[in-house]
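This report concerns only the one structure given below.
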Amino acid sequence: MRSEKLTTCTVCGSNELSEYIECRDHFVSGEIFQLSICNSCGFVFTNPRPFLSDIAPYYDSAEYVSHSKTSAGMINRLFHLARIYTLAYKKRLLNKYSTVTTLLDYGCGTGEFLEQMNKSGWTCFGIEPNITAREAAGKKKGLIIRDESGLDEFKPSSISAISMWHVLEHVYPLQERLHSFHEILDREGTLFVALPNMKSYDAQHYGRFWAAWDLPRHVHHFNPATIKTLMHNCGFKYIAAKPMLLDAFYISMLSEKYKHGNTKYFLALVNGLKSNLQAFFKDYNYSSLIYIFKKS
């Protein structure tokens, strides 16, 4: 594997970095990857990481559910059932926090969310770099799906809402991409960002087996403080954060599989419940959060 070593923090620019943890790619390659932490702001990132030109093979699996419709296996079947609920939840959030109905879904996968918003009367566009997922999304009626270069086609202030559902952690040119979003959002534009939370109970419980590290596909690993710092630096104002309650159970199921070699569903259920209860009663560190930002 060719890789690049980062010497400065992507969020704050500090060069005071330390080794954080080593984790295995349990999903595709079996390789071990190192994470670094910024001693200044606490941001954690995969370091070294594969070159962007070499990352595609790490997504090359029929089980990568955001890029396919596979329902093979209990975990994937549960994922697709849960998606029915989460699509409706995301739709409610967009209708609550965005008054104009022009949407760009960045990293739209196979287009299920865009399809739902399109049926609700929104004008929808999608960006999806994976060609298999993009072709599947493009077959859905009324959707306009572009590859990564299509982002340059949007005029300044032409979009009222941008959504990224578990996508930002994959994006290599992090600040560059966020500055692009800032430019194409209108004056009251809203940015919706769903991210796993490395400060959650399930992350702490499973440690190096936590499935949401998802190395090397996830090159950035956020917590509420670091995502707020990054967004502030890129011209966005924090509005709210909303929990994704089902993620704690899904991530716990995958983590049990990675840790034990088989999925211990009861333990996953218990740990997912513990994660949500601790977040609710103590620290709001849910397994995944949807952050809502306004252009400032």
Could you check whether Lys274 makes a cation-pi contact with Tyr201, meaning its NZ or CZ is under 6.0 Å from the centre of the six-membered ring and within 45° of the ring axis? no

Name the residue from Leu191, Leu174, Thr229, Leu178 that meets the side chain to side chain contact (heavy atoms under 4.5 Å, CB included) definition with Cys234. Leu178

Other members of the hydrophobic cluster containing Val270, with the 4.5 Å side-chain heavy-atom rule, please. Phe266

For the pair Phe181 and Tyr106, evaluate ring-ring contact (aromatic ring centres under 6.0 Å, His included) and give the outcome as yes or no after the intermediate values. CA-CA 10 Å; Phe181 294 157; Tyr106 184 84; 5.1 Å; yes

Give me the ring orientation class for His182 and Phe236: parallel if the planes are under 30° apart, tilted from 30 to 60°, perpendicular past 60°. perpendicular

Give me the atom names and distance for the closest heavy-atom approach of Ser200 to Trp210. OG-CZ2, 4.0 Å

Minimal heavy-atom distance between Ser160 and Ser98, with the atoms involved, is O-OG, 3.8 Å

Using side chain to side chain contact (heavy atoms under 4.5 Å, CB included) as the criterion, point out the one residue from Thr102, Thr190, Asp186, Leu103 that pairs with Ile159. Thr102

Before giving the answer on side-chain contact (heavy atoms from CB on, under 4.5 Å), spell out for Ile37 and Phe43 the whole-Å C-alpha distance, their side-chain angles and the decisive distance to 0.1 Å. CA-CA 6 Å; Ile37 186 168; Phe43 181 56; over 6 Å; no

For the residue pair Arg2 and Pro50, establish whether any side-chain heavy-atom pair is separated by less than 4.5 Å. no

Take Asp105 and Ser163 through the side-chain hydrogen bond (donor to acceptor under 3.5 Å, both in side chains) test and state the conclusion after the steps. CA-CA 5 Å; Asp105 190 24; Ser163 58; 2.7 Å; yes

Is it the case that the side chain of Asp202 and the backbone of Ile251 share a donor-acceptor pair, with hydrogens and angles ignored and the cut-off at 3.5 Å? no

Start with the C-alpha gap between Asn47 and Tyr20, add the side-chain angles, then the distance that decides, and say whether side-chain hydrogen bond (donor to acceptor under 3.5 Å, both in side chains) holds. CA-CA 10 Å; Asn47 193 32; Tyr20 184 69; over 6 Å; no

Are Phe27 and Ile21 connected into the same hydrophobic cluster when the rule is that any two of I, L, V, M, F, W, Y join if their side-chain heavy atoms are below 4.5 Å apart? yes

Answer whether the closest heavy-atom distance between the side chains of Phe280 and Asn276 falls below 4.5 Å. no

More than 12 heavy atoms from other groups under 6.0 Å of NZ on Lys228: yes

Does the pair Trp213 and His218 meet the rule for a ring-ring contact (aromatic ring centres under 6.0 Å, His included), with working shown? CA-CA 6 Å; Trp213 293 124; His218 290 185; 9.3 Å; no

Who passes side chain to side chain contact (heavy atoms under 4.5 Å, CB included) against Ser40, sequence neighbours left out? Cys12, Ser14, Cys38

Take a 6.0 Å sphere around CZ of Phe51 and say whether it holds more than 12 heavy atoms from other residues, nucleotides or ligands. yes

Does the pair Leu185 and Ser157 meet the rule for a side-chain contact (heavy atoms from CB on, under 4.5 Å), with working shown? CA-CA 5 Å; Leu185 279 170; Ser157 302; over 6 Å; no

Does a salt bridge link Arg146 with Glu153, judged by any charged N lying under 4.0 Å from a carboxylate O? yes

Would a single hydrophobic cluster contain both Phe45 and Tyr58, if residues Ile, Leu, Val, Met, Phe, Trp and Tyr are joined by side-chain heavy-atom contacts under 4.5 Å? no

So, do Met231 and Leu168 sit near enough that their side-chain heavy atoms are less than 4.5 Å apart? yes

State plainly whether one hydrophobic cluster holds both Leu254 and Leu269, where clusters connect Ile, Leu, Val, Met, Phe, Trp and Tyr through side-chain heavy atoms under 4.5 angstrom apart. no

Taking atom CD as the centre, does Glu188 end up with more than 12 heavy-atom neighbours from other residues, nucleotides or ligands that are less than 6.0 angstrom away? no

Examine distances only and state if a side-chain atom of Lys294 and a backbone atom of Lys237 form a donor-acceptor pair shorter than 3.5 Å. no

Give me the atom names and distance for the closest heavy-atom approach of Thr101 to Gly121. OG1-O, 4.1 Å

Take atom NZ in Lys5; do more than 12 heavy atoms of anything else shown fall under 6.0 Å from it? yes

Distance-only, no hydrogens or angles: does the Ser296 side chain make a donor-acceptor pair with backbone N or O of Gly235 under 3.5 Å? yes

By the salt bridge (charged side-chain N to carboxylate O under 4.0 Å, His left out) test, which pairs, at least two apart or in different chains, include something from residues 24-52? Glu4-Arg49, Asp25-Arg217

Show, in sequence, the C-alpha distance, side-chain angles and deciding distance for Asn223 and Asn197, and conclude whether the side-chain hydrogen bond (donor to acceptor under 3.5 Å, both in side chains) test is met. CA-CA 5 Å; Asn223 62 52; Asn197 178 12; 6.0 Å; no

With a 4.5 Å heavy-atom cut-off, do Leu35 and Glu22 have their side chains touching? no

Assess whether side-chain hydrogen bond (donor to acceptor under 3.5 Å, both in side chains) is satisfied between Thr110 and Arg134, documenting all intermediate values. CA-CA 6 Å; Thr110 52; Arg134 187 169 66 247; over 6 Å; no

If you take all heavy atoms of Leu143 and Ala137, which pair is closest and at what distance? CD1-O, 3.8 Å

Check whether any side-chain N or O of His220 sits under 3.5 Å from a backbone N or O of Val44 as a donor-acceptor pair, and report yes or no. no

Relative to each other, are the rings of Phe209 and His26 parallel, tilted or perpendicular (30° and 60° limits)? tilted

With sequence neighbours excluded, tell me which residues meet side chain to side chain contact (heavy atoms under 4.5 Å, CB included) with His260. Glu256, Asn262, Lys264

Applying side-chain contact (heavy atoms from CB on, under 4.5 Å), run through Trp122 and Leu94 and close with a yes or a no. CA-CA 10 Å; Trp122 285 61; Leu94 262 74; 4.0 Å; yes

State, without any angle test, whether His170 and Asp214 hold a side-chain donor-acceptor pair at a distance under 3.5 Å. no

Is the side chain of Asn271 donor-acceptor paired with the backbone N or O of Leu267 at a distance under 3.5 Å, no angle test? yes

Among side-chain atoms of His221 and Thr226, is any donor-acceptor pair under 3.5 angstrom? no

Shortest non-hydrogen contact from Gly150 toward Ile127: C-CD1, 3.9 Å

May I ask you to say whether Glu183 pairs ionically with Lys155, meaning some side-chain N is under 4.0 Å from a carboxylate O? no

Heavy-atom donor-acceptor pair, Glu16 side chain to Thr8 backbone, under 3.5 Å: no

Backbone N/O of Lys91 and side chain of Asn95: donor-acceptor pair under 3.5 Å: yes

Smallest heavy-atom separation, Leu17 atom then Leu6 atom, equals CD1-O, 3.8 Å

Could you check whether the rings of Tyr97 and Phe192 sit parallel, tilted or perpendicular, using 30° and 60° as the cut-offs? perpendicular

Is there a side-chain contact between Pro48 and Phe33, using heavy atoms and a 4.5 Å cut-off? no

Determine whether a donor-acceptor pair (N or O, by modelled atom type, separation under 3.5 Å) exists between the side chain of Ser252 and the backbone of Ala248. yes

Can you list everything that forms a salt bridge (Lys or Arg N to Asp or Glu O under 4.0 Å) with Glu19? Sequence neighbours excluded, please. none

Whether Tyr286 and Tyr284 hold their rings parallel, tilted or perpendicular, with breakpoints at 30° and 60°: perpendicular

Apart from Ile32 itself, what residues make up its hydrophobic cluster, given side-chain heavy atom links below 4.5 Å? none

